[in-house]
Number of protein chains: 2
Amino acid sequence: MSYKDKKVLPIGSVSELTGLSLRKIRYYEERGLILPERSGGGTRKFSFTDVEKLMDIANQIEDGMQTFEIKKLYKKEKQKDKDKIRDEMIRGQLNAAFKMTK
Amino acid sequence: MSYKDKKVLPIGSVSELTGLSLRKIRYYEERGLILPERSGGGTRKFSFTDVEKLMDIANQIEDGMQTFEIKKLYKKEKQKDKDKIRDEMIRGQLNAAFKMTK
DNA sequence: CGTGTAAGGAATTCTGACACG
DNA sequence: CGTGTAAGGAATTCTGACACG
């Protein structure tokens, strides 16, 4: 995992990087759009990937999209990723089986 | 500037990533080995580059090197970088002058 | 010299709630 | 629904100092 995915940024830094208020960031988490980790004491820790996602979210909100729609969108994205991986695995196995017939 | 150079990490995250105590990190700053930025309120903000540098420093300390030696080393590195840039600029200008003679 | 620690205070973050719309 | 704000408390960080070696 690269630096981009390390959950290490405090919400203040994320707010500065994205230009979003603390309230908005917390709300988007509440709606399940992002999933920061928590320190032992309970403070949120974000990754740069989260920061990028938040900037995406901000754009979509500006376009009048609602949080649950954005969430659905992300679910679809994830499903696509899974489908892709499944396809690749199937292709790999077919390929292996094919070689055995030679 | 990439994510790696953004000064956004709190000292706690840096401590976790490097395995160094808060005391050590602050001390290495005091000795001028790293230069985190400060938030408006005065809290330190580090970059991933700082994190990498700290891991380097930790190794050198383990090898018995003293902080002022490490600092000297970094100064030399910087000087080399400057020399390199100067060389490239001179070469670029010579090249341009040479083309004009054609 | 490099590092741990206890001390007191300040900055940061947290949650739940009320407000507006 | 999405967001601002005031409120009280808890976690995080800060500095300067003493200790040891």
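Lettering of chains follows the sequences in order, A, B, ..., and the numbering in each one begins at 1.
Distances shown here put every side-chain N or O of B:Tyr27 at or beyond 4.0 Å from the OP1 or OP2 atom of C:dT3. For the pair A:Arg38 and D:dT12, the criterion of a side-chain N or O lying under 4.0 Å from OP1 or OP2 is not met. Within the 4.0 Å cut-off from OP1 or OP2 of C:dC14, at least one side-chain nitrogen or oxygen of A:Arg44 is found. One finds no side-chain N or O of B:Arg23 lying less than 4.0 angstrom from the OP1 or OP2 phosphate oxygen of D:dC18.
Regarding A:Lys45, its NZ atom lies at a distance of 6 Å from the P atom of D:dT13, rounded to whole Å. Straight-line distance from the CD atom of A:Glu69 to the P atom of D:dG2: 9 Å, rounded to whole Å. Rounded to whole angstrom, the span from the CD atom of B:Glu37 across to the P atom of D:dC14 amounts to 14 Å. Summarising the geometry, the separation between CG on B:Leu22 and C1' on C:dG2 is reported as 15 Å, rounded to the nearest angstrom. Rounding to whole angstrom units, CG of residue B:Asp63 and C1' of C:dG2 are separated by 15 Å. Rounded to an integer number of Å, the gap from CD1 of B:Ile57 to P of C:dT3 is 11 Å. A:Glu30 places its CD atom 13 Å from the C1' atom of C:dC14, with the value rounded to the nearest Å. Rounded to a whole Å, the CG atom of B:Leu33 is 12 Å from the C1' atom of C:dG2.
At a threshold of 4.0 angstrom between heavy atoms, the contacts of B:Tyr28 are confined to the sugar-phosphate backbone, with no base atom among them. Counting non-hydrogen atoms under 4.0 angstrom, B:Arg26 reaches a base of the nucleic acid. In this structure, B:Ile61 reaches the sugar-phosphate backbone alone: every heavy-atom distance under 4.0 Å involves primed, P, OP1 or OP2 atoms, never a base.
A salt bridge does not link B:Glu69 with B:Lys76: none of the charged nitrogens is closer than 4.0 Å to a carboxylate oxygen. Using a 4.0 Å cut-off between charged nitrogen and carboxylate oxygen, A:Arg44 and A:Glu37 do not count as a salt-bridge pair. Ion pairing between A:Lys71 and A:Glu30 fails under the 4.0 Å rule for side-chain N and carboxylate O.
For D:dA17, the paired base is C:dT5 (Watson-Crick or G-U wobble, both distances below 3.5 Å). Shown here, D:dT12 forms a base pair with C:dA10; the pair counts as Watson-Crick or G-U wobble because both key distances fall under 3.5 Å.
Checking C:dT12, D:dG4, C:dT3 against every side-chain atom of B:Lys24, the shortest atom distance belongs to C:dT3. Closest contact between the side chain of B:Thr43 and the listed nucleotides C:dT13, C:dA17, D:dT13 involves D:dT13. Distances were taken from every side-chain heavy atom of A:Ser39 (C-beta onward) to each of D:dG4, C:dT13, D:dT12; the shortest belongs to D:dT12.
Nearest-nucleotide positions on DNA chain D for B:Gly12 and A:Arg31 put A:Arg31 closer to the 5' end. In terms of position on DNA chain C, the residue among A:Ile11 and B:Gly41 whose nearest nucleotide sits closer to the 5' end is B:Gly41.
In this structure, the side chains of A:Ile25 and A:Leu54 come closer than 4.5 Å at one or more pairs of heavy atoms.
Between B:Phe48 and A:Phe48, the two ring planes are tilted [angle within 30° to 60°].
Cation-pi geometry between B:Lys53 and B:Tyr74 is satisfied (NZ or CZ under 6.0 Å from the ring centre, within 45° of the ring normal).
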